[in-house]
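The structure appears right after this line, and notes come after that.
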Number of protein chains: 2
Amino acid sequence: MASLGELERAVMDLLWASQEAVTANTMRDLLAHNTGTDDGAAAHPGKELAVTTVLTVLSRLEKKGLVERERGTRPHRYQAVSSRADHTAELMHEVLGSAPDREAVLARFIGSVTESEAATLRKLLGQS
Amino acid sequence: MASLGELERAVMDLLWASQEAVTANTMRDLLAHNTGTDDGAAAHPGKELAVTTVLTVLSRLEKKGLVERERGTRPHRYQAVSSRADHTAELMHEVLGSAPDREAVLARFIGSVTESEAATLRKLLGQS
DNA sequence: CAACATTTCTACGCTTCGTAGAAATTCCAA
DNA sequence: TTGGAATTTCTACGAAGCGTAGAAATGTTG
């Protein structure tokens, strides 16, 4: 149960972008001023969703374990459970984990990594 | 459009396991003798699906680009387009690709890789 | 308390997937 | 060649996930 819908992904992107926990209302506004495909030009308004829609999505994300909600404060505040990088790395491990031939997969994987990334990997694997 | 359903995955696993292209009927039989969770014990028969069911799934997999079909032979024959390792590596790249902070993701990623895999990676990244 | 804000419940339409019957097509044996 | 058998295509249905949001319940504040 890992994949996200389009709106769910947009919400997560915004949560990952803003360090602080946000309310459903704030999230609604953020979504309105974001086309997703962030081009430099003036993005069209990206229509205003109903707050209940945003709440539904946030609840679903909470159920999926991606979002954490502060129930204490009155307008509840939501934030991502883990950073985008952590989440993505986790996803990669999930994908890799389902394979019986992990090493073969890794071989193919690094076969198509940019040189700068390869360098990063070398550094990270360097000593040990 | 990358994720697979349960049956779709079972079919792909069998296609990946058998080098040769197989017919829908063969696939039906293979599915019948496979519980997925391959424990050593006598797996229960894994019910016989209708051939049309198998054909539907194979067609859907073909549409997704995961399966290739030989239309020449009369009982059409189906096979995986790419190896499981290739496919999985591709999936990993897909996951990684959607991240703006690729290097950060990679850092987290190799942070939780087994030592033997780390060794494999070092070897593969060795020269260059 | 009353009006307002916030959250929860319920629901509907769309898409995907498991599942397969019905219909169309193709092939082989007599 | 023709008719039954095998094969493929078409169509469909139910369940689940997601976008979407109204209605109802609940909490807040003046």
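Throughout, protein chains are lettered first and strands after them, A, B, ... in sequence-line order, and every chain is numbered starting at 1. Because the structure is predicted, anything quoted here is derived from the model rather than measured. Hydrogens, waters and symmetry mates play no part in the numbers below; they use all other heavy atoms, side chains included.
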I'd like a list of close polar pairs between nucleotides 1-4 of chain C and the protein, N/O only, cut-off under 3.5 Å.
none

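- At a threshold of 4.0 Å, the pair B/E103-B/R108 does not count as salt-bridged, since none of the basic side-chain nitrogens sits closer than that to a carboxylate oxygen.
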Tabulate protein N/O versus nucleotide N/O from nucleotides 28-30 of chain C, keeping only pairs under 3.5 Å, one per line.
none

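- B/W16 places a side-chain N or O within 3.5 Å of a backbone atom of B/S82 that can act as its donor or acceptor partner.
- For the pair A/E117 and B/R102, the salt-bridge criterion is met [side-chain N within less than 4.0 Å of a carboxylate O].
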Dump every N/O contact between nucleotides 20-24 of chain D and the protein below 3.5 Å, one line per pair.
unit_1	atom_1	unit_2	atom_2	d
D/dT20	O4	A/R60	NH2	3.4
D/dA21	OP2	A/A50	N	3.3
D/dA21	OP2	A/T53	OG1	3.3
D/dA21	N6	A/T56	OG1	2.8

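- Applying the salt bridge (Lys or Arg N to Asp or Glu O under 4.0 Å) rule to pairs touching residues 13-32 of chain A yields A/D13-A/R84, A/R28-A/E48, sequence neighbours excluded.
- Atom CD of A/E70 is separated from atom P of C/dT6 by 15 Å (rounded to the nearest Å).
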Tabulated below should be each protein N or O lying under 3.5 Å from an N or O of nucleotides 26-30 of chain D; please produce it.
unit_1	atom_1	unit_2	atom_2	d
D/dG27	O4'	A/R74	NH2	3.2

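- Here C/dT16 presents its C1' atom at 14 Å from CD of B/E6, a figure rounded to the nearest Å.
- Remark: the backbone N or O of B/V22 is not paired with any side-chain donor or acceptor of B/T26 at under 3.5 angstrom.
- Remark: A/E68 does not engage A/R77 in a salt bridge, criterion side-chain N to carboxylate O under 4.0 Å.
- The only member of B/L4, B/L49, B/V11 that meets side chain to side chain contact (heavy atoms under 4.5 Å, CB included) when paired with B/V57 is B/V11.
- Rounding to whole angstrom units, CZ of residue B/R28 and C1' of D/dA6 are separated by 12 Å.
- Distance, A/E8 CD to C/dC14 C1': 15 Å, rounded to whole Å.
- Spacing between atom OH of B/Y78 and atom C1' of D/dT9 amounts to 10 Å, rounded to whole angstrom units.
- If you check the side chains of B/S112 and A/H93, you find a donor sitting under 3.5 Å from an acceptor.
- Atoms CG (A/L58) and P (C/dT7) sit 10 Å apart, rounded to a whole Å.
- A sub-4.0 Å separation between OP1 or OP2 of D/dT7 and a side-chain N or O of B/H76 is absent.
- Side-chain contact check for B/S3 and B/E8: no donor-acceptor pair (N or O, by modelled atom type) lies under 3.5 Å.
- Look at A/K64 and you'll find a side-chain N or O under 4.0 angstrom from OP1 or OP2 of D/dC18.
- Rounded to an integer number of Å, the gap from B/M27 CE to D/dT7 P is 15 Å.
- Checking the phosphate oxygens (OP1, OP2) of C/dA5, no side-chain nitrogen or oxygen of A/N25 falls inside 4.0 Å.
- Between its opening and closing five pairs, the helix from C/dC1-D/dG30 to C/dA30-D/dT1 changes axis direction by 0°, a value rounded to 10 degrees.
- Residue B/R9 contributes atom CZ, which lies 18 Å from atom P of C/dT16 at whole-angstrom precision.
- Between the side chains of B/H76 and B/R69, a donor-acceptor pair is found at a separation under 3.5 Å.
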